[in-house]
Q: 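Here it is, the structure in full.
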Number of protein chains: 2
Amino acid sequence: MKKFEEKTYETETIYKGKIVQLNIDSVTLPDGNTSKRELIKHPGAVAVIALTEEGKLICVEQYRKPMEKSLIEIPAGKLEEGEEPKTCALRELEEETGYTTDHLQFLTSFYTSPGFADEIVHLYFTEHVKPLEETPPGDEDEFVDLLELTLEEAEQLEREQRIHDAKTAYALLYLKLRQQR
Amino acid sequence: MKKFEEKTYETETIYKGKIVQLNIDSVTLPDGNTSKRELIKHPGAVAVIALTEEGKLICVEQYRKPMEKSLIEIPAGKLEEGEEPKTCALRELEEETGYTTDHLQFLTSFYTSPGFADEIVHLYFTEHVKPLEETPPGDEDEFVDLLELTLEEAEQLEREQRIHDAKTAYALLYLKLRQQR
């Protein structure tokens with residue numbers, strides 16, 4: 001669907017980094033006027049709702065520099081170049097939590113900030129995890145702690161804003177709904 | 001919570017635009033090594049889950065340049081400088097949909113992309129809307145179409161990926177859960 005399409009007549013790349021690229025697109029609007037759009041290009045990401053045998057949600061706590069605080073989130077990570085989302089989801093689960101699985105079910109995907117970024121999160125689910133004998137090394141500049149939470153504990157952490165991101169908020173509603181079926 | 005804190009020893013502002021600012025922070029990691037973080041600063045946003053008298057979800061369709069397609073989303077928009085989230089939520093509801101309300105209930109807030117951006121979305125709910133006699137003018141470079149959807153219609157549009165963003169996906173789970181209570 002291209003309703004109200006904005007046609008680009010010029011693209012200026014301001015910055016190309018490890019994770020994000022910033023472009024300024026000059027566009028023609030549906031009424032013929034012009035405007036500029038600030039666009040963040042992102043490789044895309046995955047996230048995993050993983051439940052232990054006891055039904056606890058596997059989470060990781062890590063420092064999130066944009067907010068200058070640590071957040072508790074479901075395991076997640078960026079797609080590497082050419083990487084399949086499902087492969088990435090398994091890799092991030094293993095690296096961040098030390099758990100693995102051979103049952104990874106695709107749930108849904110969503111754009112996180114459609115107004116200015118093309119980041120998409122591919123979300124997976126598993127309730128069949130087993131601990132790895134050895135956790136594979138993750139990114140060398142990433143420090144995470146593992147937590148296993150009941151849904152009630154996770155909801156309490158959400159009220160305290162220590163869980164405070166869109167994908168984990170979505171995961172908690174998903175689990176709540178699943179409990180009621 | 002500052003667990004695994006990354007201390008900034010240098011900040012470089014690459015770009016400061018209408019919506020986003022891009023900083024590169026040089027940081028000291030918990031193990032004493034250093035790294036760089038690409039950080040998008042964003043003013044924050046609001047979104048509104050608004051139901052008509054018949055229980056239909058009020059949505060807007062608009063072109064989303066980062067994805068080069070139009071998406072159907074719940075009404076949302078950026079905070080203006082110094083603007084209260086609730087004031088902004090009412091303004092965006094009025095400008096984008098032509099509806100107003102005097103019952104706007106705060107639901108939750110979440111960071112959309114905690115890995116690289118500080119954007120937060122403040123989410124509100126109302127089931128008491130009434131049409132304005134005249135829709136106030138919105139942003140001059142914004143073109144939106146109004147839709148009123150049953151939950152089933154919205155879920156079908158989500159399967160077709162015409163609804164495809166985190167806040168609207170969250171809204172649909174919220175409404176589903178609410179239906180079951």
Side-chain angles (χ1 to χ4, degrees), chain A residues 1-6 14-15 17-20 22 24-25 27 29-31 33 35-40 42 45 61-67 69-71 73 78 108-119 121 140-141 143 145 158 162 164-167 169-170 173-174 176-177 180, chain B residues 1-6 14-15 17-20 22 24-25 27 29-31 33 35-40 42 45 61-67 69-71 73 78 108-119 121 140-141 143 145 158 162 164-167 169-170 173-174 176-177 180:
Chain A
M1 290 291 293
K2 295 272 186 184
K3 190 161 189 171
F4 301 129
E5 184 173 0
E6 300 175 354
I14 303 288
Y15 179 80
K18 275 189 305 178
I19 301 172
V20 301
L22 172 60
I24 310 295
D25 277 13
V27 301
L29 300 171
D31 63 2
N33 288 321
S35 190
K36 288 188 187 284
R37 299 293 182 211
E38 301 166 10
L39 306 171
I40 301 294
H42 185 281
E61 180 166 13
Q62 64 191 305
Y63 196 71
R64 290 306 208 172
K65 189 66 190 160
M67 279 68 69
K69 63 182 176 187
S70 59
L71 291 179
E73 301 165 46
K78 283 181 309 293
T108 191
S109 65
F110 40 67
Y111 295 106
T112 52
S113 302
F116 69 93
D118 69 351
E119 185 196 30
V121 171
E140 60 180 18
D141 62 353
F143 298 81
D145 244 8
E158 192 179 29
R162 295 192 49 211
H164 205 189
D165 76 293
K167 66 183 175 308
Y170 182 95
L173 283 193
Y174 173 83
K176 186 104 181 171
L177 199 55
Q180 300 194 354
Chain B
M1 290 292 293
K2 295 272 187 183
K3 190 161 190 173
F4 303 129
E5 184 172 0
E6 301 174 354
I14 303 287
Y15 179 82
K18 275 187 306 177
I19 301 172
V20 301
L22 172 60
I24 310 295
D25 276 14
V27 301
L29 300 171
D31 64 2
N33 288 321
S35 190
K36 289 190 188 285
R37 300 292 183 211
E38 300 166 10
L39 306 171
I40 301 294
H42 184 281
E61 180 166 14
Q62 64 192 304
Y63 196 71
R64 290 306 206 173
K65 189 69 191 158
M67 280 67 70
K69 62 182 177 186
S70 59
L71 290 179
E73 301 165 49
K78 284 180 308 294
T108 190
S109 65
F110 39 68
Y111 295 107
T112 52
S113 303
F116 69 93
D118 69 351
E119 185 196 31
V121 171
E140 60 179 21
D141 61 355
F143 298 81
D145 243 8
E158 192 180 31
R162 295 193 47 211
H164 204 190
D165 75 293
K167 66 184 176 307
Y170 182 95
L173 284 192
Y174 173 83
K176 186 104 180 171
L177 198 55
Q180 300 194 355

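Note that this is a predicted model, so its numbers are computed, not measured. A, B, ... follow the sequence lines: proteins, then strands. Residue 1 opens every chain.
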Q: What is the distance from atom NZ of A:K65 to atom CZ of B:R37, rounded to the nearest 0.5 Å?
A: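 The NZ atom of A:K65 sits 9.0 Å away from the CZ atom of B:R37.
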Q: Do A:K167 and B:P114 have side chains that get closer than 4.5 Å, going by heavy atoms?
A: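 Contact flag for A:K167/B:P114 side chains = yes.
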Q: Counting only non-hydrogen atoms closer than 4.5 Å, does A:L22 touch chain B with its backbone (N, CA, C, O), its side chain (CB onward), both, or neither?
A: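 It is the side chain, since no backbone atom gets that close.
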Q: For a quick test of reading the model, state the closest non-hydrogen atom pair linking B:Q180 to A:Q180 and the distance between them.
A: OE1-OE1, 3.8 Å
Q: Check each atom of B:E119 against the heavy atoms of chain A and say whether the ones under 4.5 Å are side chain, backbone, both or neither.
A: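 Side chain only.
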Q: Relative to chain B, which segment of A:V121 carries a heavy atom at a distance below 4.5 Å: side chain, backbone, both, or neither?
A: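 When you check distances to chain B, no heavy atom of A:V121 falls under 4.5 Å.
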Q: Counting heavy-atom pairs closer than 4.5 Å to chain B, which one of A:A45, A:P66, A:G115, A:A117 comes out on top?
A: A:P66
Q: Which one wins on heavy-atom pair count under 4.5 Å against chain A: B:M67, B:E158, B:E73, B:R162?
A: B:M67
Q: For A:K36, look at atom NZ and say whether over 12 heavy atoms of other residues, nucleotides or ligands are found less than 6.0 Å away.
A: no
Q: In terms of heavy-atom pairs under 4.5 Å, which option from B:F143, B:F110, B:Y170 contacts chain A the most?
A: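 If we count pairs closer than 4.5 Å to chain A, B:F143 comes out on top.
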Q: Under the rule for side chain to side chain contact (heavy atoms under 4.5 Å, CB included), what residues qualify as partners of B:I19, not counting sequence neighbours?
A: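 Only A:E38, B:H42, B:K78 meet the side chain to side chain contact (heavy atoms under 4.5 Å, CB included) criterion with B:I19.
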Q: Do you know which of B:I14, B:L29, B:D165, B:D118 has the most heavy-atom pairs with chain A at a distance under 4.5 angstrom?
A: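 Ranked by heavy-atom pairs under 4.5 Å with chain A, first place is B:D165.
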Q: Side chain, backbone, both or neither: which part of A:S35 has a non-hydrogen atom closer than 4.5 Å to chain B?
A: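 Contact with chain B involves the side chain of A:S35 alone.
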Q: Heavy-atom cut-off 4.5 Å, strictly under: side chain, backbone, both or neither for A:N33 against chain B?
A: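 Answer is neither: A:N33 stays 4.5 Å or more from chain B.
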Q: Once you round to the nearest 0.5 Å, how far does OH of A:Y15 lie from CD1 of B:I24?
A: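 Interatomic distance, A:Y15 OH to B:I24 CD1, rounded to 0.5 Å: 3.5 Å.
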Q: Considering residues at least two apart in sequence or located in another chain, which fulfil the side chain to side chain contact (heavy atoms under 4.5 Å, CB included) criterion with A:E140?
A: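 Applying side chain to side chain contact (heavy atoms under 4.5 Å, CB included) to A:E140 gives none.
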Q: I need the A:T112 OG1 to B:Y111 OH distance, nearest 0.5 Å.
A: 15.0 Å
Q: Is B:L177 close to chain A through its backbone or its side chain, or both, or neither, when contacts mean heavy atoms under 4.5 Å?
A: both
Q: If we define contacts as heavy-atom pairs under 4.5 Å, which of A:L71, A:T108, A:D31 has the most with chain B?
A: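 The residue among A:L71, A:T108, A:D31 with the greatest pair count is A:D31.
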Q: Do the non-hydrogen side-chain atoms of A:Y63 and B:K2 ever get within less than 4.5 Å of each other?
A: yes
Q: If I measure from the heavy atoms of chain B, does A:L39 come under 4.5 Å with its side chain, its backbone, both, or neither?
A: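 Only the side chain of A:L39 comes within 4.5 Å of chain B.
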Q: Please report the closest heavy-atom contact between B:D145 and A:F4, naming both atoms and the distance.
A: N-CE1, 3.7 Å
